[in-house]
Amino acid sequence: MSTHATTSARAWQRMLSGRRLDLLDPSPMDVELSDIAQGLARVARWNGQTHGDHAFSVAQHCLIVETIFRQQHPDATADGCQMTLLHDAPEYVIGDMISPFKAVVGGDYKAVEKRLEAAIHLRFGLPPHPSAPLKSAIKKADQIAAYFEATELAGFTPAEARKFFGKPQGVTVDMLEISPMPAIEAEAKFSARFHEIEGMRGK
């Protein structure tokens with residue numbers, strides 16, 4: 001009679017920092033900026049379906065969203081800017097899933113995403129989640145970024161992009177660093193902006 005060893009599925013990821021992040025119950029103590037910056041700089045937006053010599057990374061997207069957010073909210077707090085920069089930070093673990101597929105996957109994905117968001121925010125002394133007004137402001141900046149990414153990089157016509165993301169108000173593409181940059185550059189710029197905001201926060 002044969003016996004079968006029972007093993008539980010691995011629910012953690014080893015990071016290059018040496019941390020082991022539990023995906024189901026993430027601890028703020030296992031979150032490191034270096035892992036976030038590296039991961040986001042190597043995750044492609046639009047499933048990689050963009051023009052250019054390099055993938056358009058989530059790290060570069062986050063920088064653009066934070067730029068738009070500050071342009072629209074010049075009196076924003078440093079905490080608000082930091083949460084905006086980190087708005088897609090969970091994707092350093094779970095990747096960037098395009099919106100149509102998120103809708104198919106449903107609640108499980110969002111639950112994991114929210115737990116990761118809370119762990120990341122708490123690691124850096126931020127509220128677990130943005131307030132409703134801040135979340136709405138970040139979403140608006142995110143949609144403006146998506147419009148320009150769609151039309152400049154992903155092959156959407158302006159009419160298609162307006163249908164899905166709305167018409168940008170008060171922002172033009174020349175204000176944004178939208179040409180896809182190498183991963184190492186995106187990683188460095190994301191880290192630099194994070195530390196710049198931390199200086200504003202007095203951290």
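As the structure is a computational prediction, the values presented were derived from the model and not from experiment.
- The backbone N or O of V31 sits less than 3.5 Å from a side-chain atom of R123, completing a donor-acceptor pair.
- For S179, there are no side-chain contact (heavy atoms from CB on, under 4.5 Å) partners two or more places apart in sequence or in a different chain.
- Distance check, rounded to the nearest 0.5 Å: CD of Q71 to NE2 of H73 gives 9.5 Å.
- Scanning for side-chain contact (heavy atoms from CB on, under 4.5 Å) contacts around A159 gives T157, R162, with sequence neighbours left out.
- The side-chain contact (heavy atoms from CB on, under 4.5 Å) test applied to S34 returns S17, E32, not counting sequence neighbours.
- With D22 contributing its side chain and L24 its backbone, the two residues share a donor-acceptor pair below 3.5 Å.
- No more than 12 heavy atoms of other residues, nucleotides or ligands sit less than 6.0 Å from atom CE of M29.
- Surrounding CD of E160 are more than 12 heavy atoms belonging to other residues, nucleotides or ligands, all under 6.0 Å away.
- Atom CG of D88 and atom CD of E91 lie 4.0 Å apart (nearest 0.5 Å).
- Using cut-offs of 30° and 60° on the angle between ring planes, the pair H129 and H121 is tilted.
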* Show the numbers, then the answer: is there a side-chain contact (heavy atoms from CB on, under 4.5 Å) between I144 and Q72? => CA-CA 11 Å; I144 291 172; Q72 295 193 317; 3.2 Å; yes
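- Tracing side-chain contacts under 4.5 Å through hydrophobic residues (I, L, V, M, F, W, Y), one never reaches M200 starting from L33; they form parts of separate clusters.
- For K140, there are no side chain to side chain donor-acceptor pair (under 3.5 Å) partners two or more places apart in sequence or in a different chain.
- The hydrophobic clustering, which links ILVMFWY residues whose side-chain heavy atoms are closer than 4.5 Å, places W46 and V65 apart.
- Counting heavy atoms from C-beta outward, M15 and V93 have side chains that approach closer than 4.5 Å.
- Residue K139 holds its NZ atom at 9.0 Å from NZ of K135, rounded to the nearest 0.5 Å.
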Sequence neighbours excluded and cut-off under 3.5 Å, please list the side-chain donor-acceptor pairs for residues 80-87, or say none.
from	atom 1	to	atom 2	distance (Å)
Q82	NE2	F194	O	3.2
Q82	NE2	E198	OE2	2.8
T84	OG1	G80	O	2.8
H87	ND1	T84	O	2.7
H87	NE2	H61	NE2	3.3
H87	NE2	D142	OD1	3.2

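- Note that CD of Q60 and CD of E187 are 13.5 Å apart. Values are rounded to the nearest 0.5 Å.
- Under the side chain to side chain donor-acceptor pair (under 3.5 Å) criterion, Q143 pairs with no residue at all, not counting sequence neighbours.
- Both I36 and L23 belong to a single network of hydrophobic side chains, linked directly or stepwise wherever heavy atoms of I, L, V, M, F, W or Y lie under 4.5 Å apart.
- Under the 4.5 Å side-chain contact rule for hydrophobic residues, Y92 and L126 share a cluster.
- Counting heavy atoms from C-beta outward, F156 and F164 have side chains that approach closer than 4.5 Å.
- The existence of a salt bridge linking R201 and D79 is confirmed by a sub-4.0 Å separation between a basic side-chain nitrogen and an acidic carboxylate oxygen.
- Between K189 atom NZ and S57 atom OG the span is 11.0 Å, to the nearest 0.5 Å.
- Using a distance-only test at 3.5 Å, with no hydrogens or angles considered, no donor-acceptor pair links the side chain of R45 to the main chain of A59.
- Following chains of ILVMFWY side-chain contacts shorter than 4.5 Å, one cannot reach I184 starting from M181, and the two form parts of different hydrophobic clusters.
- Contact of the E113 side chain with the L116 side chain is not registered, since no non-hydrogen atoms from C-beta on lie closer than 4.5 Å.
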